Amino acid sequence: QVQVVESGGGLVQPGGSLTLSCAASRTIFSITSMGWNRQAPGKEREWVALIISGGSANYSDSVKGRTTISRDNAKNTVHLQMNSLKPEDTGVYYCYADYRGFRYWGQGTQVTVSS
């Protein structure tokens with residue numbers, strides 16, 4: 001079992017930035033990968049980014065170039081830094097952790113990009 005807790009969401013103006021955090025209850029050395037999905041109202045959930053245990057990261061085309069996912073191993077935490085935010089980035093962001101073949105999800109944190 002892995003508990004996953006997101007934080008850092010809020011209201012941001014277009015062009016602004018924010019950093020989401022995801023804390024895991026187990027050392028992330030034992031977790032295969034961690035990542036983020038998001039879901040806007042009325043739309044399908046969309047994968048955003050992931051980082052594997054070796055440190056390699058991947059991003060969706062919609063956020064590539066303005067988003068960085070990183071790990072803080074000492075705090076068992078993954079961060080998602082998003083810059084140049086757009087209204088279409090609005091949604092509930094869910095963190096996940098893959099451990100022993102199962103994907104554990106956080107409760108989600110709301111991100112709203114609006115002027």
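Keep in mind that what you see is a predicted model, and the values were worked out from it rather than measured.
Taking 4.5 Å as the limit, every side-chain heavy atom of M34 sits out of range of all side-chain heavy atoms of L50. T32 has its side chain out of reach of I52: every pair of non-hydrogen atoms, C-beta onward, lies at least 4.5 Å apart.
Nearest heavy atom pair, residue I31 against residue A24, reads CD1-CB, 3.8 Å. A pairwise comparison of heavy atoms in G9 and L20 identifies N-CD2, 3.6 Å as the closest pair.
Annotation: side-chain contact (heavy atoms from CB on, under 4.5 Å) contacts of S115 (sequence neighbours excluded): P14. Taking Q110 as the reference, T90, V92, T112 meet the side-chain contact (heavy atoms from CB on, under 4.5 Å) condition, with sequence neighbours excluded. Residues passing the salt bridge (charged side-chain N to carboxylate O under 4.0 Å, His left out) test with R66 are D89, sequence neighbours excluded. Scored by the salt bridge (charged side-chain N to carboxylate O under 4.0 Å, His left out) test, R103 finds D98 as partners (sequence neighbours excluded). In terms of the ring pair (Phe, Tyr, Trp, His ring centres under 6.0 Å) criterion, residue partners of Y104 (sequence neighbours excluded) are, by chain and number, F102. Taking the salt bridge (charged side-chain N to carboxylate O under 4.0 Å, His left out) definition, one finds that E46 meets it with R38, sequence neighbours left out. Qualifying salt bridge (charged side-chain N to carboxylate O under 4.0 Å, His left out) partners for K43, counting only residues two or more places apart in sequence or in other chains: none.
Between the OG atom in S17 and the CG atom in L85 there is a gap of 7.0 Å [rounded to 0.5 Å]. Atom CG of L80 and atom CD1 of I51 lie 10.5 Å apart (nearest 0.5 Å). Taking OG of S56 as the reference point, atom CD1 of I69 lies at 11.5 Å (rounded to 0.5 Å).
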Evaluation steps, side chain to side chain contact (heavy atoms under 4.5 Å, CB included), between E44 and Q39: CA-CA 6 Å; E44 296 293 321; Q39 187 169 24; 5.7 Å; no

Residues Q107, V5; criterion side chain to side chain contact (heavy atoms under 4.5 Å, CB included); working and verdict: CA-CA 7 Å; Q107 82 287 350; V5 180; 4.2 Å; yes

Side chain to side chain donor-acceptor pair (under 3.5 Å) between T68 and S70, worked out: CA-CA 6 Å; T68 301; S70 61; over 6 Å; no

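Hydrophobic clustering of Ile, Leu, Val, Met, Phe, Trp and Tyr side chains at less than 4.5 Å, counting indirect connections, unites M82 with V111.
For the pair T67 (side chain) and K64 (backbone), a donor-acceptor distance under 3.5 Å is absent. Under the 3.5 Å distance criterion, the side-chain polar atoms of Q81 are left unmatched by any main-chain donor or acceptor of L18.
Legend: salt bridge (charged side-chain N to carboxylate O under 4.0 Å, His left out) pairs involving residues 71-84, not counting sequence neighbours: none detected. Listed by first then second residue, pairs satisfying disulfide (SG to SG under 2.5 Å) with a partner in residues 23-62 number zero, not counting sequence neighbours. Residue pairs satisfying the ring-ring contact (aromatic ring centres under 6.0 Å, His included) criterion with at least one member in residues 41-100, sequence neighbours excluded, are listed as follows: Y96-W105. Within the structure, salt bridge (charged side-chain N to carboxylate O under 4.0 Å, His left out) pairs that include any residue of residues 10-34 do not occur (at least two apart or interchain). Among residues at least two apart or in separate chains, disulfide (SG to SG under 2.5 Å) pairs with a member in residues 7-115 are C22-C95.
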